[in-house]
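First comes the structure, then the notes that go with it.
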Amino acid sequence: TFQDQELSAAELERSFIAIKPDGVQRGLIAEIIARFERKGYKLVAIKLVHPTKDFAEKHYDDLKGRPFFNGLTDFLSSGPVVAMVWEGQGVIKYGRKLIGATAPLASEPGTIRGDLAIAVGRNIIHGSDGPETAKDEIALWFKPEELLSYKKETDKWLYE
Ligand code: IDP
Ligand code: MG
């Protein structure tokens with residue numbers, strides 16, 4: 001029924017989203033979280049982490065060999081990061097839309113990077129780019145017990 005509907009598989013889709021050290025230093029944590037929250041996505045895990053260089057290299061494993069890899073992993077491990085898992089229908093793909101293009105100057109206004117950043121190496125936020133990377137990144141950053149499944153009263157006003 002409307003009152004006690006089960007969440008569908010689509011509504012349980014999850015993405016790994018991280019506010020990088022520049023976003024934390026610039027005081028953009030609340031601003032970024034608010035955009036995912038207002039869309040209707042559900043926060044199911046969050047913590048402040050200072051990643052090691054080794055951990056940053058694991059996170060960006062697919063970019064090993066790129067000329068910016070060393071600078072990128074130095075940067076990710078340069079300070080606290082807000083690591084999060086957001087849940088909801090289409091959150092992986094739509095999360096990338098909320099974030100904007102990799103290069104902030106190519107990001108549309110209205111996106112997080114478009115509104116809040118300039119340089120590609122200081123683009124303030126990370127988001128999983130597909131179901132497989134989402135699964136891998138969530139497993140890398142979080143223990144299973146750190147992910148919370150819960151109902152919100154507003155779920156029934158977000159999904160039909
Ligand atoms: P994404 O963060 O939009 O998924 P990726 O291609 O996965 O972009 O690259 C990961 C991160 O590496 C980017 O967010 C950006 O910070 C950095 N990066 C990507 N391309 C370049 C580049 O050409 N120069 C410097 N940094 C880059
Ligand atoms: Mg990426």
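We're numbering straight along the sequence, starting at 1. First listed ligand is number 1; within each ligand, the first listed atom is number 1. Just so it is clear, the model here is predicted, and its values are computed rather than measured.
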contact_flag Tyr60 ligand 1 heavy-atom lt 4.0 Å:
yes

Test Ile112 against Ile124 for side-chain contact (heavy atoms from CB on, under 4.5 Å), laying out the working first.
CA-CA 8 Å; Ile112 292 167; Ile124 69 174; 3.7 Å; yes

State the atoms of ligand 1, each with its element, that fall below the 4.0 Å cut-off from a heavy-atom position in Lys20.
13 (C), 14 (O), 16 (O)

Using a strict 4.0 Å threshold on nitrogen-to-oxygen distance, state whether Lys64 and Glu57 make a salt bridge.
no

Where at least one partner belongs to residues 92-118, residue pairs that pass salt bridge (Lys or Arg N to Asp or Glu O under 4.0 Å), sequence neighbours excluded:
Arg35-Asp115

Between Thr102 and ligand 1, which residue portion shows a heavy-atom distance shorter than 4.0 Å: side chain, backbone, both, or neither?
both

Closest to atom 4 (O) of ligand 1 among Arg113, Arg96, His126 (heavy-atom distance)
Arg96

Going by side-chain contact (heavy atoms from CB on, under 4.5 Å), Lys42 matches just one of Asp155, Leu158, Leu12. Which one?
Asp155

When you measure from atom 15 (C) of ligand 1 to every protein heavy atom, which one gives the shortest distance, and what is it?
Val120 O, 3.2 Å

Between Tyr94 and Tyr41, how do the two ring planes meet: parallel, tilted or perpendicular, split at 30° and 60°?
tilted

Note the single closest protein heavy atom to atom 7 (O) of ligand 1, along with its residue, its atom name and the distance in Å.
Leu63 CD1, 4.1 Å

Determine, for Phe75 and Lys20, whether the Lys NZ or Arg CZ falls below 6.0 Å from the six-membered ring centre while staying within 45 degrees of the axis.
no

I need the nearest protein heavy-atom contact for atom 17 (C) of ligand 1: residue, atom name and distance, please.
Leu72 CD1, 3.8 Å

Under 4.0 Å, heavy atoms only, figure out whether ligand 1 is touched by the backbone of Asp62, its side chain, both or neither.
neither

Of all the non-hydrogen atoms in the protein, which one sits nearest to atom 20 (N) of ligand 1, and at what distance?
Phe68 CZ, 3.3 Å

Listed by chain and number, what are the ring pair (Phe, Tyr, Trp, His ring centres under 6.0 Å) partners of Phe36, not counting sequence neighbours?
Trp86

List the closest protein heavy-atom neighbour of atom 14 (O) of ligand 1: residue, atom name, distance to the nearest 0.1 Å.
Asn123 ND2, 2.8 Å

